[in-house]
Q: 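After the structure tokens below, expect a handful of questions from me.
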Amino acid sequence: MAQLKTWQDRHLLGLKGMGKEEIESILDRAEYWANYPQKQTSHLSGRFVANMFFENSTRTRFSFEMAQKRLGMQVLNFTAAVSSVEKGESIYDTVRTLESMGIDAGVIRLKPSGVLEHIARQVSIPLINAGDGNNEHPTQALLDLYTMRQHFGSLQGLSVSIIGDIQHSRVARSNLWALKAVGAKVRFCAPDNMRALELADEVDYVSMDEALQADVVMMLRVQLERHEHGKLASAEEYRSQYGLTVEREKLLKDHAIIMHPAPVNRNVEIDDELVEHPRAKIFTQMQNGVPIRMAVTERALS
Ligand code: CP
């Protein structure tokens, strides 16, 4: 893996600013772990990690735990709902509490954006971002790039359309930074009221017809839990204008693949019949989450 200069470089807070060499070295290491003959190793035995999820998760949480256990680590799982957070304890105090008990690294998912960077400056252990607000979801984007590279062989020049609720999507942001760094061409497609205005200089928005003409069509979940009232007029209207329907799938290039970070709103952003379509990589993405999270956990503790 690429050499890190200071211990703070072992944090993985986001992909903005990370270079092609470092991204590709993480993907290479994930490939090593994906092909590793044994399911469990003693590579990081005797090291302790806490998974601190202040927001719900299935894929990220369990694939981190799977990755850590495959590396032989001792794993502590923290769930906000049954913790002293319910008594009003802050995120910072929670992280400092686990740090004081001797964990070697922390994986954190948070509802707000911007808090994680602040905490990372105040602790002495590496932190890995498991998704913070609408800011970044670096391990999701890394597993997405891994899946694209696995399928196409290279990321250079690949055209990727990211379609849907961009405004609320940390996945779109992390993918944008990482895909640009490795030489892929990214375009966004979203309803006017789901665009990210602060990214207007970074990426072009295109129509749905244009977005479908890409090597990778990545659909995003409509994040109803983050919407103010009235943003989504109706699921059926959204599907008819921005959903990947069975009819639209027929317009894709022959070699194109379909991706989605999941969880999926079936028959809203993607039709039920397409979730396990031969072109769809949704469950492959989930499978690839484990070796990617092995690689980033190892990077944090190397
Ligand atoms: N893709 C993703 O982050 O899924 P979870 O919210 O289930 O972790």
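This structure is a prediction, so every number in the text was calculated from the model and none was measured. Heads up: numbering here begins at 1 and tracks the sequence. All ligand and atom numbering here is 1-based and tracks the order in the structure.
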Q: Any heavy-atom pair between the side chains of Tyr146 and His151 that's under 4.5 Å?
A: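 Answer no - side chains too far apart.
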
Q: Can a salt bridge be assigned to the pair Arg149 and Asp28 using a cut-off of 4.0 Å between side-chain N and carboxylate O?
A: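 So Arg149 pairs with Asp28 through a salt bridge.
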
Q: Can a salt bridge be assigned to the pair Glu22 and Arg299 using a cut-off of 4.0 Å between side-chain N and carboxylate O?
A: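 Salt bridge: yes.
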
Q: So, taking the atom named CD in Gln74 and the one named CG in Leu44, what distance separates them when rounded to the nearest 0.5 Å?
A: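 So the CD of Gln74 and the CG of Leu44 are separated by 11.5 Å.
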
Q: Pairs under 3.5 Å, N/O atoms on ligand 1 and on the protein: can you put them in a table with the distances?
A:
residue, atom, partner, partner atom, Å
ligand 1, 1 (N), Gln140, OE1, 3.1
ligand 1, 1 (N), Pro261, O, 3.0
ligand 1, 1 (N), Ala262, O, 2.8
ligand 1, 3 (O), Thr60, OG1, 2.9
ligand 1, 3 (O), Arg109, NH2, 3.0
ligand 1, 3 (O), His137, NE2, 2.8
ligand 1, 4 (O), Arg59, NE, 3.0
ligand 1, 4 (O), Ala262, O, 3.4
ligand 1, 6 (O), Arg109, NH1, 2.9
ligand 1, 7 (O), Thr58, N, 2.8
ligand 1, 7 (O), Arg59, N, 3.0
ligand 1, 7 (O), Arg59, NE, 3.2
ligand 1, 7 (O), Arg59, NH2, 3.0
ligand 1, 8 (O), Ser57, OG, 2.6
ligand 1, 8 (O), Thr60, N, 2.9
ligand 1, 8 (O), Thr60, OG1, 2.6
ligand 1, 8 (O), Arg109, NH2, 3.3

Q: Are Arg239 and Glu269 within salt-bridge range, i.e. N to O under 4.0 Å?
A: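 Salt bridge: no.
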
Q: Does any donor atom in the side chain of Glu65 or Asn51 lie under 3.5 Å from an acceptor atom in the other side chain?
A: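 Checked: Glu65/Asn51 side chains show no N/O donor-acceptor pair below 3.5 Å.
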
